[in-house]
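Here's the structure we're looking at; comments come further down.
We use all heavy atoms of the structure for the numbers below, so side chains are in, but hydrogens, waters and symmetry mates are not. Every chain is numbered from 1 and lettered A, B, ... according to where its sequence line falls, protein lines coming before strand lines.
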2 protein chains.
Amino acid sequence: MPGETQGRLTIQDIARLAGVSKATVSRVLNRNPSVDPLLAERVTKVVQEHNFVPNITATVLAGGRTQLIGVLAPPLNWPAMPEIMRGVAEYLEGSPYEIVLYCIGSQRNHADVLNRILAMRMISGLLAIFPGGLASQLATHFQQGLPLVMIDDQEEPDGMPWVGIDNPTSAYEATRHLLACGHTRIAHIQGPTNYHCTLERYQGYCRALREAGIEPDPDLLLQGNFEQSGGRHCASVLFARDRERWPSAIFIGNDEMAYGFLEVAQELGVRIPEDIAVVGFDDYVISAHTTPPLTTVRQPFSNIGRTAIELLLTMIDRMNEKQPPKDGRQTAGGVPTQDFVVDPPCIQLATTLVQRASSRLVLPAARNQPGSNL
Amino acid sequence: MPGETQGRLTIQDIARLAGVSKATVSRVLNRNPSVDPLLAERVTKVVQEHNFVPNITATVLAGGRTQLIGVLAPPLNWPAMPEIMRGVAEYLEGSPYEIVLYCIGSQRNHADVLNRILAMRMISGLLAIFPGGLASQLATHFQQGLPLVMIDDQEEPDGMPWVGIDNPTSAYEATRHLLACGHTRIAHIQGPTNYHCTLERYQGYCRALREAGIEPDPDLLLQGNFEQSGGRHCASVLFARDRERWPSAIFIGNDEMAYGFLEVAQELGVRIPEDIAVVGFDDYVISAHTTPPLTTVRQPFSNIGRTAIELLLTMIDRMNEKQPPKDGRQTAGGVPTQDFVVDPPCIQLATTLVQRASSRLVLPAARNQPGSNL
DNA sequence: TTGTATGCGTTATCAA
DNA sequence: TTGATAACGCATACAA
């Protein structure tokens with residue numbers, strides 16, 4: 001049975017067992033075409049029989065390539081993370097690569113973590129997810145030759161490969177949906193203005209309104225924080241106004257704030273969507289379970305993860321092709337992934353508007369038919 | 001500014017810059033007390049100035065210790081995973097260790113992945129989360145000296161350190177709660193019977209009933225699958241019976257199945273908790289948002305993760321103390337973590353019953369007071 | 001096509 | 001207390 005498991009063996013042992021030199025074993029392991037097919041087969045057989053796996057540290061030290069992808073991530077209980085990581089992990093399962101996960105919470109100095117990661121020289125590439133203030137540092141590393149892809153919605157993608165969504169269009173579609181439901185007084189709760197996506201979503205919202213001949217009303221623009229508390233606060237402010245100043249619909253910058261908004265509405269007895277229709281943004285898992293279920297823009301999180309990692313692996317491969325392996329690590333001022341550096345790809349994935357009860361078109365006559373689907 | 005970042009430097013460079021030998025630098029880095037304090041300070045200064053971080057691969061190869069903890073995990077979008085990983089990551093943030101994450105989905109051969117992980121000899125310890133069929137293999141590795149902790153609810157903890165909850169007691173409390181609400185016909189939907197936790201929860205349920213003088217009714221025991229579909233199925237079966245054969249309450253083996261159950265109840269117009277009170281198990285995030293919100297047993301997932309990783313680090317430390325470093329990696333038949341091997345600790349954390357609307361005690365007179373909190 | 005020899009960056013042994 | 005040096009396991013330039 002090939003269940004030896006103990007990786008005690010070295011390439012030397014395999015060489016002895018197969019009656020060849022270490023160099024040949026190494027060549028076989030690295031699929032070097034210069035080795036005789038029959039010999040290769042013999043060696044391969046020994047390798048498999050003994051379940052041999054090269055010592056990765058020795059491999060790297062000797063100038064080989066790691067099969068390790070670094071993932072710099074926020075805490076995994078951020079609502080978008082599980083799905084993103086699912087996409088990443090599923091794609092990686094079909095490859096020889098493994099994940100080295102660096103979760104950065106609040107405690108430690110993020111820049112230090114990043115430096116440690118890179119200085120350890122253990123990873124072949126880095127996937128940076130919502131890196132916050134690290135963006136510019138990351139860009140520098142990328143320019144210096146580190147294969148890197150960023151998933152982010154805070155900084156404007158600039159100077160490095162990026163995967164995300166088309167925020168303006170997504171927000172445009174969300175607002176169009178409310179317009180199509182017959183609403184004309186549509187409010188908006190935006191996120192923190194230092195988030196690039198906040199501005200983009202606001203742009204999309206404005207464009208939809210203007211196309212419908214409606215000038216965005218500053219009175220209907222509320223400032224949130226992308227957290228539930230912000231949604232609650234804005235709801236309180238809004239519902240404290242005279243009823244005639246209420247909007248008939250609201251597009252909320254993210255689902256988290258929408259949850260807070262719905263809570264307050266329920267507490268105050270404001271009916272959703274009869275009194276005010278609500279559309280969110282993100283489609284986190286809870287959104288299908290709120291009361292009422294939330295109409296929202298679905299971000300394709302797992303696909304974002306998949307796409308990002310796919311791009312990263314492509315970059316790594318490209319780099320390996322161009323650079324003679326041994327130099328790959330010595331790349332002083334070298335610029336691997338040349339073309340990527342010159343024009344870093346920005347991949348925007350499509351979102352989907354998921355229509356649920358919070359924005360159902362309510363015809364006056366239909367109010368007593370809870371079962372109606374429109 | 002100490003923002004050099006580029007880890008090009010080697011210990012040799014630092015040695016030259018500090019005017020000492022590599023050996024001394026190495027000693028300083030490893031806090032070897034035999035080095036002169038003043039000299040140490042001088043070296044430390046150079047290290048910091050240049051932001052030097054040792055090449056981890058060289059360190060390991062030379063017999064040093066890795067600061068890498070392997071985490072063998074199911075897909076991160078499994079509902080319990082984000083919280084478990086939060087606990088793990090938060091604890092690790094305060095340590096010098098990093099996570100190497102191995103997500104095992106359906107695609108690849110799990111045993112192979114495990115072998116590769118260990119053969120790479122890169123990790124100092126392994127945290128195995130819901131390892132499924134790998135339990136026995138893991139036990140073997142643990143017996144052979146691998147610091148290892150398992151978080152699991154499928155296999156009976158045996159032969160290796162384990163962190164989880166007290167299922168019988170938790171189920172007992174859940175059932176007691178329903179009894180306290182005045183119910184006497186209490187059904188149970190159990191999970192797959194090849195899960196150890198399924199049997200344990202059933203035991204707790206039975207004990208509570210018997211203590212109340214009620215003999216568990218086989219007619220009220222339904223077979224689920226721990227998935228939503230199972231909850232739906234059981235609900236359909238139950239509600240298809242004559243009304244007088246319905247239970248007045250049900251304890252469902254996990255929240256996932258409870259979601260399916262609630263869905264069917266809503267579709268059929270069965271009132272929760274008036275017609276039937278529901279208690280689940282797990283307290284996933286959605287449970288607070290179902291209609292009605294679900295009473296359930298909260299598993300302290302993040303604490304489970306924290307506790308497990310804490311135990312693992314303790315084991316690693318213990319091993320490092322006992323074994324002269326250089327041998328640590330050569331440990332042929334050696335048995336590090338001796339005491340742990342002899343009697344692997346099983347840590348059971350307490351659960352909490354979270355009371356929500358799905359099991360509210362409904363007094364006949366209170367039916368028209370939706371706001372009542374009991 | 002294959003084998004020999006060297007070096008990767010660190011730790012640890014042995015002398016000094 | 002410090003320095004020189006031999007591993008560690010692998011990849012590769014070079015020689016055969």
Sequence neighbours excluded, the answer for side chain to side chain donor-acceptor pair (under 3.5 Å) partners of A:Ser136 is none
Expected list for residues 308-316 of chain A: side-chain donor-acceptor pairs under 3.5 angstrom, two or more places apart:
{"residue": "A:Glu310", "atom": "OE1", "partner": "A:Arg306", "partner atom": "NH1", "Å": "3.1"}
{"residue": "A:Thr314", "atom": "OG1", "partner": "A:Glu310", "partner atom": "O", "Å": "2.8"}

Under-4.0 Å side-chain N/O to phosphate OP1/OP2 contact, A:Ser21 with C:dT4: no
What pairs of residues pass the salt bridge (charged side-chain N to carboxylate O under 4.0 Å, His left out) test when at least one of them lies in residues 9-30 of chain B, not counting sequence neighbours? B:Asp13-B:Arg16
With sequence neighbours excluded, residues passing side chain to side chain donor-acceptor pair (under 3.5 Å) with B:Thr44: none
Considering only D:dC10, D:dA7, D:dT12, which nucleotide approaches the side chain of B:Ala62 most closely? D:dA7
Pairwise 5' ranking along DNA chain C for B:Asn55 and A:Gly19, keeping only the more 5' one: A:Gly19
C:dT4 P sits how many Å from A:Ile11 CD1, rounded? 14 Å
Expressed in angstrom and rounded to an integer, what is the separation of A:Leu61 atom CG from D:dA11 atom C1'? 10 Å
Output the residues of residues 25-46 of chain B in contact with DNA chain C, where contact means a heavy atom of the residue under 4.0 Å from an atom of the strand; sort by number or write none. B:Ser26, B:Arg27, B:Asn30
Listed by chain and number, what are the side chain to side chain donor-acceptor pair (under 3.5 Å) partners of B:Asn32, not counting sequence neighbours? B:Ser34
What's the CD1-C1' distance between B:Ile14 and C:dG9, to the nearest Å? 12 Å
Take the C1' atoms of the five end pairs on each side of the helix from C:dT1-D:dA16 to C:dA16-D:dT1, derive the two axes, and give their angle rounded to 10 degrees. 40°
Is there a salt bridge (Lys or Arg N to Asp or Glu O under 4.0 Å) between B:Glu41 and B:Lys45 once you walk through the steps? CA-CA 6 Å; B:Glu41 196 182 351; B:Lys45 206 175 148 204; over 6 Å; no
Any donor-acceptor pair under 3.5 Å joining the side chain of A:Lys22 to the base of C:dT4? no
Distance (rounded to the nearest 0.5 Å) between A:Leu72 CG and A:Phe130 CZ: 12.5 Å
If the condition is side chain to side chain contact (heavy atoms under 4.5 Å, CB included), which residues does A:Ser26 pass it with, not counting sequence neighbours? A:Ile11, A:Asn30
Calculate the interatomic distance between A:Arg16 atom CZ and D:dG9 atom C1'; express it in whole Å. 14 Å
With sequence neighbours excluded, what pairs up with B:Thr59 under the side chain to side chain donor-acceptor pair (under 3.5 Å) test? none
Within this structure, what is the CG-to-C1' distance between A:Leu9 and D:dC8, rounded to whole angstrom? 16 Å
